Amino acid sequence: MEVSATFYFDLASPAAYLAAERALSVLPPPCAWQPILARTLPGAEAYDAYRCETDELAARERIERRAQALALQTVVWPSPFPFDSEFAMLATTYAKRIGKGVPFALAAFRQAFAGGHALSTPDNVLIAGAACEMHPSAILRATETRGIRDELARASAEALELGVSDVPAVRVDDLVLVGEHRLEEAGELLAAQRR
């Protein structure tokens, strides 16, 4: 029995970064990686909406502690954070179209949260592309096309329709598991269904 699974992410989300670093080992294949704009989701974490600096620092510390507990690289916060991920997500949509979505997403996440480089700066996105042998001019041209823009908007709208309320999320058949902490649960569910 073929099981449908999709991992939803936005490169601006540090929680999605934590999940992405583990997704290939936790989620049995095949599992599609779907870039979406989290800002279009009603329940998305708004990293710029904290009441005060103390709340923001506490949220950052939670992410840093979780990365350490998962034995991931130390989180280096990009400046600015949060950053506008639209250009990066258009580039990710293009990368997915040409079969390089997963390596590009991982390289871009690492640029942002292990290297501390905001993906609102196009050069930082192009560096992630270079790590995946994507030519900078191809990325720049693709991100300006209506087709890529429409594809990202359509994927974001479809995710919302399917019940994705925040990133990261994993959809297994009709069940949507939201949150980085639910990745292993999704992996176990997929493994059990494939036996």
Side-chain angles (χ1 to χ4, degrees), residues 5-27 29-41 44-45 47-48 63 67 70 72-159 164 166-171 180 183:
T6 306
F7 172 64
Y8 296 93
F9 65 95
D10 184 320
L11 294 170
S13 168
Y17 160 66
L18 298 178
E21 285 290 356
R22 305 186 333 272
L24 291 176
S25 62
V26 171
L27 301 173
C31 180
W33 283 44
Q34 183 59 62
I36 61 173
L37 283 173
R39 68 179 184 218
T40 66
L41 305 173
E45 175 94 36
Y47 290 95
D48 58 352
I63 293 290
L70 295 168
L72 300 177
Q73 295 181 56
T74 300
V75 174
V76 179
W77 293 98
S79 180
F81 181 80
F83 55 83
D84 180 358
S85 67
E86 184 174 14
F87 176 76
M89 296 311 292
L90 290 167
T92 309
T93 301
Y94 168 65
K96 181 180 179 194
R97 184 185 278 185
I98 64 169
K100 297 186 179 208
V102 174
F104 177 83
L106 288 170
F109 268 132
R110 291 170 184 158
Q111 272 288 101
F113 297 108
H117 304 288
L119 299 179
S120 52
T121 303
D123 283 352
N124 295 333
V125 176
L126 298 178
I127 290 169
C132 306
E133 299 181 351
M134 294 170 62
H135 197 280
S137 63
I139 294 170
L140 291 171
R141 278 195 308 270
T143 57
E144 293 175 358
T145 66
R146 172 180 269 156
I148 291 294
R149 190 167 297 281
D150 289 349
E151 193 173 325
L152 179 58
R154 189 170 40 257
S156 300
E158 287 173 3
V164 175
D166 197 2
V167 293
V170 179
R171 182 178 54 81
E180 175 273 325
L183 191 70

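Keep in mind that this is a model prediction, so the values were computed, not measured. The figures here come from the full heavy-atom set of this structure, side chains too, leaving out hydrogens, waters and symmetry mates.
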Nearest heavy-atom neighbours spanning [X] and [Y]:
X	Y	answer
S13	P168	OG-CD, 4.5 Å
A16	F9	CB-CB, 4.1 Å
P30	A5	O-CB, 4.2 Å
A88	V125	CB-CG2, 3.8 Å
V76	A114	CG2-O, 3.4 Å
L119	A108	CD1-O, 3.6 Å

Between N124 and F87, does a side-chain contact (heavy atoms from CB on, under 4.5 Å) hold up when you go through it step by step?
-> CA-CA 11 Å; N124 295 333; F87 176 76; over 6 Å; no
pair [X]-[Y]: side-chain heavy atoms closer than 4.5 Å:
X	Y	result
Y8	R171	yes
F81	F113	yes
I98	M134	yes
W33	L27	no

Residues two or more places apart in sequence or in another chain: which of them pass salt bridge (charged side-chain N to carboxylate O under 4.0 Å, His left out) with R149?
-> E86
Only counting residues at least two apart or in another chain, list the ones meeting salt bridge (charged side-chain N to carboxylate O under 4.0 Å, His left out) with D150.
-> none
Stepwise side-chain contact (heavy atoms from CB on, under 4.5 Å) check, T6 with E158 | CA-CA 12 Å; T6 306; E158 287 173 3; over 6 Å; no
Nearest 0.5 Å please: distance from the [atom1] atom of [X] over to the [atom2] atom of [Y].
X	Y	atom1	atom2	answer
I36	T93	CD1	OG1	10.5 Å
L41	S156	CG	OG	7.0 Å
R110	I127	CZ	CD1	15.5 Å
E21	E180	CD	CD	11.5 Å
L140	L126	CG	CG	5.0 Å
L72	L18	CG	CG	6.0 Å

For T92 and F109, what are the C-alpha separation, side-chain angles and deciding distance, and is it a side-chain contact (heavy atoms from CB on, under 4.5 Å)?
-> CA-CA 11 Å; T92 309; F109 268 132; over 6 Å; no
What residue among V102, V26, V170 forms side-chain contact (heavy atoms from CB on, under 4.5 Å) with F7?
-> V170
With Y94, which residues qualify under ring pair (Phe, Tyr, Trp, His ring centres under 6.0 Å), at least two apart?
-> none
After noting the C-alpha distance and the side-chain angles of L183 and R22, does the key distance pass the side-chain contact (heavy atoms from CB on, under 4.5 Å) rule?
-> CA-CA 8 Å; L183 191 70; R22 305 186 333 272; 3.6 Å; yes
Decide, yes or no, whether a salt bridge links D10 with R39 under the criterion of side-chain N to carboxylate O below 4.0 Å.
-> no
